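Down below is the structure, laid out as structure tokens.
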Amino acid sequence: MAQPKNAFEIFRFLDKSNCGECGEKTCLAFAGAIFLGKKKIHECPKLNPEAIERLAGEPDMGNTHEQNSEDRLAKLKSEVVRLDLAEAAQRVGAVLSGRKLTLKVLGKDFSVDADGNLTTEIHVNPWVAVPLLSYILNGQGLPVSGKWVSFRELRGGRDRYPLFQKRCEEPMKKVADVYTPLFDDIVHVFGGKQVDKQFESDISVVLHPLPKVPVMICYWRPEDGMDSSLHLFFDETADRNLDIGSVFTLGTGLAQMFTKISLRHG
């Protein structure tokens, strides 16, 4: 986008909750501070992904999405220090051992200690770390209902869905079109499970990026001149067990991971 002409052009990208976590009393005040160069866009902890997409390219509009993720991760780690680990373990489906919580992420053990440090047998990516800590800190721990909904049906998902579709579902569909063994690999490598056809899809696979935030990937093969399609579905409790921004991050992270798998093995 062109250089913003006033604070209102920045304000329309914010979530308008007036949470105050950026240090300003209102979102409009925060937008004004950005426009005047006193604040950076990444200082908003509830930054809308569309704002990242539209504003990150401006030289004086803050850091990139990656920097925003690093800042968010550092903030979440600092909050873990004040966490009641025993309560959190029971709430989110983790195992408590001493001063460390351990839970399954895509079938792999991930541990978080009382200082917010993450340990696992595999590389820890920011797209996993940020949702994981947010889940532990803020998730309501509601039991999975078994009712599947699309991303845009989740609270806060409608406005973000076009970008979610662009960054998650479309890249994942391209991988599925070219790399046909994808779903078998998902099942065997990431603790997934193929389920009976859902929503009349040809293939349906359920993953558990977090214990109480399952994701179902449905793929329809091309047929009778119709293009293939792929969509992600979430349990209807996902937006209460995890904030919508972290749900977005999980989806786009999965798409990036599948693309790397297909390039390496496809």
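Being a predicted model, the structure only gives us computed values, none of them experimental.
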Are [X] and [Y] connected in the hydrophobic side-chain network, where two residues link if heavy atoms are under 4.5 Å apart?
X	Y	answer
L83	V112	yes
Y135	L96	yes
Y179	V189	yes

Return the minimal non-hydrogen interatomic distance between [X] and [Y], and the atom names on each side.
X	Y	value
P171	Q165	CD-O, 4.1 Å
L118	A129	CD1-CB, 3.4 Å
L14	C27	CD1-O, 3.4 Å
C22	F30	SG-CD1, 3.5 Å
L101	L85	CD2-O, 3.5 Å
A31	I10	O-CD1, 3.8 Å

Exercise for the section: Return the orientation label for the H231 and W220 ring planes: parallel under 30°, perpendicular over 60°, tilted otherwise. Expected result: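 Geometry flag for W220 against H231: perpendicular rings.
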
Exercise for the section: With sequence neighbours left out, write down each residue that passes side-chain contact (heavy atoms from CB on, under 4.5 Å) with V206, or none if nothing qualifies. Expected result: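 By the side-chain contact (heavy atoms from CB on, under 4.5 Å) rule, V206 matches W148, V195, H208, P214, M216.
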
Can you tell me how far the [atom1] atom of [X] sits from the [atom2] atom of [Y], to the nearest 0.5 Å?
X	Y	atom1	atom2	answer
C168	R160	SG	CZ	14.5 Å
Y161	E153	OH	CD	10.5 Å
I217	Q194	CD1	CD	11.0 Å
L242	D235	CG	CG	12.5 Å
F234	L250	CZ	CG	7.5 Å
L76	S78	CG	OG	7.5 Å

For a 4.5 angstrom cut-off between non-hydrogen side-chain atoms, does [X] reach [Y]?
X	Y	result
V80	I136	no
M172	Y219	no
K174	L230	no
L232	F151	no
L210	V105	yes
D109	K104	yes
N241	V144	no
T252	L163	no

Problem - K75 with D71: basic N within carboxylate O range, under 4.0 Å - result: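 No, this pair does not count.
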
Main-chain N/O of [Y] paired with [X] side-chain donor or acceptor, under 3.5 Å:
X	Y	result
T26	A29	yes
R91	G139	yes
N125	W127	no
D113	D115	yes
S134	V130	no
D15	K46	no

Exercise for the section: Could you tell me whether K77 atom NZ has more than 12 heavy atoms of other residues or ligands within 6.0 Å of it? Expected result: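 More than 12 heavy atoms, drawn from other residues, nucleotides or ligands, come within 6.0 Å of this atom.
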
Handout entry: Heavy-atom neighbours of K16 NZ exceed 12 at 6.0 Å
Key =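 More than 12 within 6.0 Å, yes.
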
Handout entry: Stepwise side chain to side chain contact (heavy atoms under 4.5 Å, CB included) check, I186 with F258
Key = CA-CA 9 Å; I186 292 173; F258 294 163; 3.7 Å; yes

Practice task
Would you please say whether a donor-acceptor pair under 3.5 Å links the side chains of T237 and K212?
Solution key: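 No donor-acceptor contact under 3.5 Å links the two side chains.
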
